[in-house]
Engineer: 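Below is one structure. I have some questions about it.
Note that the structure is predicted; figures quoted are calculated from it, not measured. First the proteins, then the strands, lettered A, B, ... as listed; each starts at 1.
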2 protein chains.
Amino acid sequence: MSTSPTRGPAAAPALAEELRISIARLSRRLRRLKPAGPGAAEPLSLTQFAALAAIERHGSMTPRELADHEKVQPPSMTRVIAHLEAQGLVARSPHPTDGRQVTLAATEPGRTLLAEERRRKQAWLTQRLGELTPQEREILRRAAPILDKLSKS
Amino acid sequence: MSTSPTRGPAAAPALAEELRISIARLSRRLRRLKPAGPGAAEPLSLTQFAALAAIERHGSMTPRELADHEKVQPPSMTRVIAHLEAQGLVARSPHPTDGRQVTLAATEPGRTLLAEERRRKQAWLTQRLGELTPQEREILRRAAPILDKLSKS
DNA sequence: TATTGTTATACTCTATAACTATA
DNA sequence: TATAGTTATAGAGTATAACAATA
């Protein structure tokens, strides 16, 4: 019988299962949140929001870069971008040197909406985080970049 | 202009956005993992796996309890259970006193498969976790139950 | 020939609404 | 009337395959 250690590298499989299930569960819980309020414009899905936030943060990005960044396949990102563009939140422009590529940038309404969503749509999670102890928030704050590191590999 | 603190309760909105995006991205990354190897039986989706694991851990559960536990609606859990039952991984039995309820328990093949999946299907995440520093793993170990607490609210 | 991006199509997961059976 | 579970149906999100344009 294995002794199933709870610490050290050998505990990785047990931690993997716990994390995998916890992440999936919280992901479902978050996705279920009804977006924004009655007065809101067409709401953004989480993927759309993340894509818009990434575009704004990087200044400009190509669809391929976005797909890699958000861990979806290019055709999936095409749909996300189409939606953002239809809403006037991002604008395409031709790549300066490579005719195949497209450059995406946030429009002024896009930046406005982003700020608004940040203020309002994340209310649920913000509220829950506020109910944690400072120590717990600190752990999550340190965990977030590690989760991103895992996503990247 | 707000100063956007990075620590303390007031930082919750910023942390909320970071966590929300990180969780969604890692969730997509994990879901994309191609399950098991060539010799494997019909693979389990992550939700199916989590349900089976919960049933085994609790000894027995009702569909309603499972749905609440995994943050899905009852009809969604019905499908998950139907799949597990069709594969012979869980068995239903009538509730001892309440004729409406159903009791679910893992079968012997179910327990076997669970052990096998634990050993094999989580290889990717286990590998990635093994590449982290012990300090990083420790942070994730502490973060996992906090994520669960967030899911529960 | 390789790469970017798109179109067409299909699948997985989950939800809501309506129904049945039991309490 | 209220609750557990199921059936029927629909929608969101993402994937793969095939194609067009450019390098």
Engineer: Measure from the side-chain N and O atoms of Glu17(A) to the backbone N and O of Ala14(A), and report whether any donor-acceptor pair falls under 3.5 Å.
Structural biologist: no

Engineer: Between dT14(D) atom C1' and Leu46(A) atom CG, what is the distance in whole Å?
Structural biologist: 14 Å

Engineer: At less than 4.0 Å, is any side-chain N or O atom of Ser45(B) found next to OP1 or OP2 of dT12(C)? Yes or no.
Structural biologist: no

Engineer: How would you list, by chain and number, every residue that makes a side-chain hydrogen bond (donor to acceptor under 3.5 Å, both in side chains) with Arg79(A), sequence neighbours excluded?
Structural biologist: none

Engineer: With sequence neighbours left out, write down each residue that passes side-chain hydrogen bond (donor to acceptor under 3.5 Å, both in side chains) with Ser151(B), or none if nothing qualifies.
Structural biologist: none

Engineer: Please pick, from dG5(C), dG5(D), dT14(D), the nucleotide with the shortest atom-to-atom distance to any side-chain atom of Val72(A).
Structural biologist: dT14(D)

Engineer: In whole Å, I'd like the distance from the CZ atom of Arg92(A) to the C1' atom of dT4(C).
Structural biologist: 12 Å

Engineer: Can you pull out the residues from residues 52-71 of chain B that lie within a 4.0 Å heavy-atom distance of DNA chain D?
Structural biologist: Thr62(B), Pro63(B), Arg64(B)

Engineer: So which nucleotide from dT14(D), dT14(C), dT4(C) ends up closest to the side chain of Arg28(A)?
Structural biologist: dT14(C)

Engineer: Whole angstrom is fine here: how far is it from CZ in Phe49(B) over to P in dC13(C)?
Structural biologist: 15 Å

Engineer: Send over the distance from His83(B) NE2 to dT14(C) P, rounded to a whole Å.
Structural biologist: 13 Å

Engineer: From Arg20(B) CZ over to Trp124(A) CH2, what is the distance, rounded to the nearest 0.5 angstrom?
Structural biologist: 10.5 Å

Engineer: Kindly say if Thr78(A) contacts the phosphate of dT6(C), meaning a side-chain N or O under 4.0 Å from OP1 or OP2.
Structural biologist: yes

Engineer: Within this structure, what is the CZ-to-P distance between Arg79(A) and dA15(D), rounded to whole angstrom?
Structural biologist: 11 Å

Engineer: Report, as a single string ordered 5' to 3', how protein heavy atoms within less than 4.0 Å touch nucleotides 17-23 of chain C: B base, S sugar-phosphate only, - not at all.
Structural biologist: B----BS

Engineer: Using whole Å, what does the distance between atom P of nucleotide dA10(D) and atom CD of Gln73(B) come to?
Structural biologist: 19 Å

Engineer: In whole Å, I'd like the distance from the NE2 atom of His95(B) to the P atom of dA4(D).
Structural biologist: 11 Å

Engineer: Any side-chain N or O of Arg31(B) under 4.0 Å from OP1/OP2 of dT14(D)?
Structural biologist: no

Engineer: Does any pair with a residue in residues 62-75 of chain B pass side chain to side chain donor-acceptor pair (under 3.5 Å), and if so which ones, sequence neighbours excluded?
Structural biologist: Arg25(A)-His69(B), Arg25(A)-Glu70(B), Arg28(A)-Glu70(B)

Engineer: Please name all residues satisfying ring-ring contact (aromatic ring centres under 6.0 Å, His included) with His95(A), sequence neighbours left out, ordered by chain then number.
Structural biologist: none

